[in-house]
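Notes for the one structure printed next.
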Protein chains: 2
Amino acid sequence: MSTRRTKTREKILLAAWKLLEASPPISVRMSDIAKETGISRQALYQHFPARSELLIATARYLDEVKDVDVRLAPSRSAKSGAERLDAFIEAWGNYIPEIYGVAKAFLAMKDTDPAVAAAWEDRMQAVKHGCNAVILALKKDGTLSPNFPPKKATDILWTMLSVRNWEQYRFECGFSQRTYIKTMKQVSKRLLFIDTTNSNK
Amino acid sequence: MSTRRTKTREKILLAAWKLLEASPPISVRMSDIAKETGISRQALYQHFPARSELLIATARYLDEVKDVDVRLAPSRSAKSGAERLDAFIEAWGNYIPEIYGVAKAFLAMKDTDPAVAAAWEDRMQAVKHGCNAVILALKKDGTLSPNFPPKKATDILWTMLSVRNWEQYRFECGFSQRTYIKTMKQVSKRLLFIDTTNSNK
DNA sequence: TTTGGTTGTTGACATGGTGTCAATTAAGTA
DNA sequence: TACTTAATTGACACCATGTCAACAACCAAA
């Protein structure tokens with residue numbers, strides 16, 4: 001039971017997380033994380049062979065703590081496709097701000113580090129699967145617009161809900177988080193639902 | 001007439017452009033640009049005090065060569081709002097791939113360099129103004145959906161047409177450039193047009 | 001054609017961040 | 001207490017950016 005090692009490791013991940021999620025955002029160096037943890041920079045490398053590994057481990061740690069599956073439960077148990085769409089946007093859309101710091105670090109590094117790119121890709125594919133499930137539920141209900149084949153509808157929804165777009169809406173367009181969620185629901189419905197004389201209230 | 005200086009400067013910009021636009025994309029260092037230009041790395045700094053300045057100058061050079069205004073002319077002279085929307089998407093959407101290499105370099109650097117961030121911001125605001133003009137034309141026609149106030153419609157269209165989204169559609173979703181354009185036209189129409197018994201063919 | 005100023009070249013060096021290594025100290029446990 | 005594991009310190013390699021100084025090549029005008 002290397003309890004000491006485990007404890008330090010967790011302290012490191014916690015420190016990394018805290019710094020990455022700091023606002024205003026700062027550039028987080030290995031030395032910053034070491035200082036925040038209360039150990040030497042070199043000791044960091046005994047736990048994580050590279051910055052990229054530490055980043056990936058931090059993401060995994062987040063996954064664990066934040067329990068994504070629980071958050072997505074309402075979406076999965078929704079009765080109609082419409083409800084499922086709303087629940088999914090609610091869950092994922094409100095998850096983004098909680099992971100944004102780490103996500104930003106991933107996005108900044110994925111162009112230079114293949115391992116980071118792969119880890120990011122994984123997570124984004126998971127989101128895409130979520131989108132796809134929503135689209136399939138709509139199709140099953142017969143409420144998916146015939147304008148878009150399911151695959152394409154998935155691509156569109158997925159792109160619409162990207163972290164980059166969240167970033168733009170929040171920081172460039174000045175949307176509040178609430179407005180963001182409301183808008184995404186509104187837009188996705190208008191876009192993906194079959195045309196009826198539907199009033200989207 | 002420092003014709004020699006001017007000539008070298010242009011050679012540098014051309015080299016930078018060529019390398020940034022290279023496919024597959026590569027990370028472009030000052031030494032790479034120097035080599036491509038046929039001068040020493042240090043000589044580069046006699047023309048551009050920093051990498052960021054060189055990048056910004058390259059963008060300006062692109063602006064000049066590519067003549068954005070001419071491309072946007074069809075959009076501005078469109079008769080209806082609908083035509084204007086199509087023309088704008090066509091112009092901007094087909095412009096993106098031509099500047100993508102440089103845009104990518106901007107996006108990678110704007111988080112660390114304020115000057116780069118400002119230059120990028122400028123260009124994106126120009127695009128946003130284009131989007132806004134489109135929305136206003138729709139409103140004037142009375143064909144803008146009442147679901148979205150003009151400002152919000154602009155934000156949505158602008159975000160939809162971001163370089164990041166183009167990137168995702170092209171490389172993540174595997175859209176062809178043609179499919180991308182077609183999809184953006186289709187989505188924007190469906191989203192922004194007032195509900196009539198419109199068949200979007 | 002020589003002189004002078006501009007442009008480019010070479011080599012050396014500072015900086016800042018990542019990652020490595022070796023020797024040493026401090027804990028924690030058998 | 002003795003052994004193992006974890007952390008510390010200090011030094012160093014690497015790589016990209018950016019700076020500096022001394023020197024060479026070029027072009028133009030007198």
Side-chain angles (χ1 to χ4, degrees), chain A residues 1-16 19-20 22 25-58 101-102 104-117 119, chain B residues 1-16 19-20 22 25-58 101-102 104-117 119:
Chain A
M1 310 289 102
S2 61
T3 176
R4 188 172 165 217
R5 183 174 179 77
T6 310
K7 255 176 65 184
T8 308
R9 193 190 142 93
E10 191 147 340
K11 274 202 290 183
I12 294 171
L13 293 173
L14 220 59
L19 290 179
L20 286 170
I26 45 172
S27 77
V28 179
R29 290 154 300 191
M30 290 299 265
S31 52
D32 297 320
I33 299 169
K35 199 191 294 174
E36 180 70 27
T37 310
I39 64 174
S40 68
R41 191 177 68 86
Q42 290 84 336
L44 232 50
Y45 287 94
Q46 289 178 337
H47 294 267
F48 305 98
R51 199 183 116 90
S52 56
E53 296 297 318
L54 171 49
L55 209 61
I56 292 169
T58 307
V102 177
K104 234 181 111 178
F106 264 75
L107 288 167
M109 217 172 163
K110 85 183 179 105
D111 286 324
T112 57
D113 190 298
V116 169
Chain B
M1 312 286 102
S2 61
T3 176
R4 188 173 166 215
R5 182 172 179 78
T6 311
K7 255 176 65 183
T8 308
R9 193 189 142 94
E10 191 147 338
K11 274 203 291 184
I12 293 171
L13 293 173
L14 220 60
L19 290 179
L20 287 170
I26 46 171
S27 77
V28 179
R29 289 153 301 191
M30 289 300 264
S31 52
D32 296 321
I33 298 170
K35 199 192 292 173
E36 180 69 26
T37 310
I39 63 175
S40 68
R41 190 178 69 86
Q42 290 85 335
L44 232 50
Y45 287 94
Q46 288 176 339
H47 293 266
F48 305 98
R51 198 184 116 90
S52 55
E53 296 297 317
L54 171 48
L55 210 60
I56 291 169
T58 306
V102 177
K104 235 182 110 177
F106 263 75
L107 288 167
M109 217 174 163
K110 86 184 178 105
D111 286 324
T112 57
D113 189 298
V116 169

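Everything numeric here is computed off the predicted structure, so don't read it as measured data. Residue numbers begin at 1 in each chain, while the letters A, B, ... track the order of the sequences.
- Distance A/Asp32 CG to C/dT18 C1': 13 Å, rounded to the nearest Å.
- A salt bridge links B/Arg29 with B/Asp32; the closest basic N to acidic carboxylate O contact falls under 4.0 Å.
- Atom CD of A/Glu36 sits about 12.0 Å away from atom OG of A/Ser31, to the nearest 0.5 Å.
- Spacing between atom NZ of A/Lys35 and atom C1' of D/dA7 amounts to 18 Å, rounded to whole angstrom units.
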Along nucleotides 17-28 of chain D, 5' to 3', which nucleotides get a B, which get an S, and which get a -, given that the test is a protein heavy-atom distance under 4.0 Å? BBBB--------
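- For A/Leu55 and C/dT18, the CG to P distance is 12 Å, given to the nearest whole Å.
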List the atom pairs, with distances to 0.1 Å, where a side-chain N or O of residues 47-58 of chain B and a protein N or O form a donor-acceptor pair under 3.5 Å, not counting sequence neighbours.
unit_1: B/Arg51; atom_1: NH1; unit_2: B/Val28; atom_2: O; d: 2.5
unit_1: B/Ser52; atom_1: OG; unit_2: B/Asp113; atom_2: OD2; d: 3.1
unit_1: B/Thr58; atom_1: OG1; unit_2: B/Leu54; atom_2: O; d: 2.7

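- Distance CZ (A/Arg5) to C1' (C/dT29): 17 Å, rounded to an integer number of Å.
- Regarding A/Glu10, its CD atom lies at a distance of 16 Å from the P atom of D/dA6, rounded to whole Å.
- Atom CZ of A/Phe48 is separated from atom C1' of C/dT20 by 18 Å (rounded to the nearest Å).
- In this structure, B/Ile12 places its CD1 atom 12 Å from P of C/dT7, rounding to the nearest Å.
- The side chain of A/Thr8 contributes an N or O atom lying less than 4.0 Å from OP1 or OP2 of D/dA7.
- Between the C1' atom of C/dG8 and the CZ atom of B/Arg9 lies a distance of 17 Å, rounded to the nearest Å.
- Counting all heavy atoms, side chain and backbone alike, B/Ile33 lies closest to B/Thr37 at O-OG1, 2.6 Å.
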Would you be so kind as to tabulate the donor-acceptor pairs closer than 3.5 Å made by side chains of residues 8-16 of chain B, with sequence neighbours excluded?
unit_1: B/Thr8; atom_1: OG1; unit_2: B/Arg4; atom_2: O; d: 3.1
unit_1: B/Glu10; atom_1: OE2; unit_2: B/Tyr61; atom_2: OH; d: 3.4

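- Neither OP1 nor OP2 of D/dA6 sits under 4.0 Å from any side-chain N or O of A/His47.
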